[in-house]
Amino acid sequence: MALQKFLLLGLLLVLTFVGSPATADGPVCPPSTKLSRASFPEGFIFGTATAAFQVEGAINEGCRGPSLWDVYCKRHPQKCSNQTGDVAVDFFHRYKEDIQLMKSLNSDAFRMSIAWSRIFPHGRKEKGVSQAGVQFYHDLIDELLKNGITPFVTVFHWDTPQDLEDEYQGFLSERIVKDFREYAEFVFQEYGGKVKHWITFNEPWVFAHAGYDVGKKAPGRCSDYVKDANCTGGRSGHETYLVSHNLLNAHAEAYEAFKNCVKCKGGKVGIAHSPAWFEPKDFNNKNDADSIGRALDFMLGWHLETTISGDYPPRMREILGYRLPQFSSEQKRKLKNSADFIGLNYYSSIFSEHVDQPDHSKPLFKQDSLIVWKPKSADNYSIGSQPSTGALPVYAQGFRKLLKYVKEKYGNQEIMIMENGYGEHFTDDSDTVEVGIADHNRKYYLQRHLLAMYEAICIDKVNVTGYFIWSLLDNFEWENGYKHRFGLYYIDYKNNLTRHEKESAKYYKEFLGQGVRPSLIKRDEL
Ligand SMILES: *[C@@H]1O[C@H](CO)[C@@H](O)[C@H](O)[C@H]1NC(C)=O
Ligand SMILES: *[C@@H]1O[C@H](CO)[C@@H](O)[C@H](O)[C@H]1NC(C)=O
Ligand SMILES: *[C@@H]1O[C@H](CO)[C@@H](O)[C@H](O)[C@H]1NC(C)=O
Ligand SMILES: *[C@@H]1O[C@H](CO)[C@@H](O)[C@H](O)[C@H]1NC(C)=O
Ligand SMILES: *[C@@H]1O[C@H](CO)[C@@H](O)[C@H](O)[C@H]1NC(C)=O
């Protein structure tokens, strides 16, 4: 009886899948006893992720021009932990070696970004194109493809060419829209024949908030009333909205350019958003409970809903009034449905406490969402768990809840996890290869989050189709320099940047070693 049932179920699954993969029943998960690639729907893509400035180094090679982050770290060393990305982990020279690591992981795909300052060293085509830069990305992409690794390419991962900063303050000016479109069009034309997965912008929320509201990341702008930030210019609660406005218009222009690019046919474009999940600080307080949707409208809907509906979430418009710029009807038309999938980067969660009386004399993004971010709940609990060396609390439930929320709120679209990973930092004394590769906390984090994603897909029926671990290698972690490590491979900065396999890499390799790689199933569709 049991066997018969099992066979029948198996037959139904096969039939459902062959008949129509996009049934109302959602993703089809094979039966499995141990979590591995084999537990996920057929064709699911697993990869690792990086960003140009964080790994490439070689900042003066191939006619590369200076970018925002080069100049920022040189001018304000303390804001980059007194470190720079000049060498980073030398991916520029060592990418062939690193592609072998991707292969040894049994991974299917690699998320990379193209540095604008390598292609247009001075920010615009008319000021010159670096053929060496263009060639570097061809070589890298070709080497990935040759090794059976699918490239996912981010067009902009925060490294604005410095000349555009000097000329008109980069994303603070609407002039960026035209220049970004020209650049995006160029890379689509150049690589769109062989790259079919694109991300226009990485983490617009972080870029606009950290860069222009609290001054933690380049260009480090904020108002004087922002504590401990040492900003030398800026206007919190204003510039952040302006920057995102220009960024969203730039995205819509790039999306249009992509749709007009003949050789790009069959490709997809999205944005990699970076929401936290929120839990109410006091579960018994209705205001705290009600604040979650508002917190997510601000942190996620700001850039996501706008690319679906063509305008900002109504709640943001109500609260912000004149501080939120307005789109023209032409801009709204271009923004509407301007993404082919939803990219999500998830790391951690936080408690949300409702704010009744915001201080209108000191506008700030978080306060604008009428909440305070609280590490502790009303009864003094932390969210999830946090090892002493961990950068953020580990709360895998938040990942599952976020996925379900996005499915329900934004119409069951295709979702790809563009980043998920675990950061840790050690004291200078304890930061050794031996300690670094024994990363049991990262392995645990990945297990928990892969399980949460499995539950979101197979139980909640969220259509997630890909997952990328941040990151393949330890790398230059922006304001934290090289002090925060996120890699599956340890970089020995004191010894010729040698790569060392961590426990987490061994785990991912074993996880991916089971089941069938998508490249072996239905290559044409991927
Ligand atoms: C998930 O999204 C992809 C891409 O849009 C689609 O091809 C697939 O049918 C969807 N799967 C389900 C179960 O809806
Ligand atoms: C701000 O400046 C003070 C004093 O120079 C310094 O101690 C502090 O580390 C700086 N903070 C940041 C975030 O750079
Ligand atoms: C940068 O170096 C200065 C001087 O050595 C030191 O006081 C400061 O703490 C360093 N900042 C960081 C973030 O490491
Ligand atoms: C919360 O816990 C910390 C120690 O973990 C303790 O120092 C603090 O007094 C507690 N606060 C409250 C309000 O119970
Ligand atoms: C450093 O590593 C690179 C890349 O693996 C290698 O080519 C070079 O020979 C090494 N240098 C030394 C001094 O070991």
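Remember, it's 1-based here, ligands and their atoms both numbered in the order they're listed.
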**OP:** Please test Arg442 against Glu424 for salt bridge (Lys or Arg N to Asp or Glu O under 4.0 Å), starting from the C-alpha separation and ending with a verdict.
**Re:** CA-CA 9 Å; Arg442 180 170 293 102; Glu424 57 190 343; 3.1 Å; yes
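Put simply, the side chain of Gln386 gets close to the backbone of Gly390: a donor and an acceptor are under 3.5 Å apart. One N or O on the side chain of Lys407 and one on the backbone of Asp460 form a donor-acceptor pair closer than 3.5 Å.
Stacking of Arg485 on the aromatic ring of Tyr490 is recorded, both the 6.0 Å distance cut-off and the 45° axial limit being met. Seen from the ring of Trp158, Lys217 does not count as a face-on cation partner, given the 6.0 Å and 45° thresholds.
Taking every heavy atom of Asn380 and a limit of under 4.0 angstrom, the matching atoms of ligand 4 come to 1 (C), 2 (O), 3 (C), 8 (C), 10 (C), 11 (N), 12 (C), 14 (O). Counting the atoms of ligand 1 from 1 in the order shown, those under 4.0 Å from a heavy atom of Gly26 are 13 (C).
Contacts between Glu479 and ligand 3, counted as non-hydrogen atom pairs separated by less than 4.0 Å, are absent for every part of the residue.
Val226 and Asp213 get closest at one heavy-atom pair: CG2-O, 3.7 Å.
Under the 4.0 angstrom criterion, atom 11 (N) of ligand 4 counts as having a protein heavy-atom contact. Distance check on atom 2 (O) of ligand 4: some protein heavy atom falls below the 4.0 Å cut-off.
Asn82 ND2, 4.9 Å is the protein heavy atom nearest to atom 9 (O) of ligand 3. When only non-hydrogen protein atoms are considered, atom 5 (O) of ligand 4 lies nearest to Lys376 NZ, 4.3 Å.
Using a 4.0 Å heavy-atom cutoff, Lys268 is listed among the residues neighbouring ligand 1.
Distances from atom 14 (O) of ligand 3 to the heavy atoms of Gln78, Gln83, Lys483 show the closest one on Lys483.
In Lys259, the NZ atom is crowded: over 12 heavy atoms of neighbouring residues, nucleotides or ligands sit closer than 6.0 Å.
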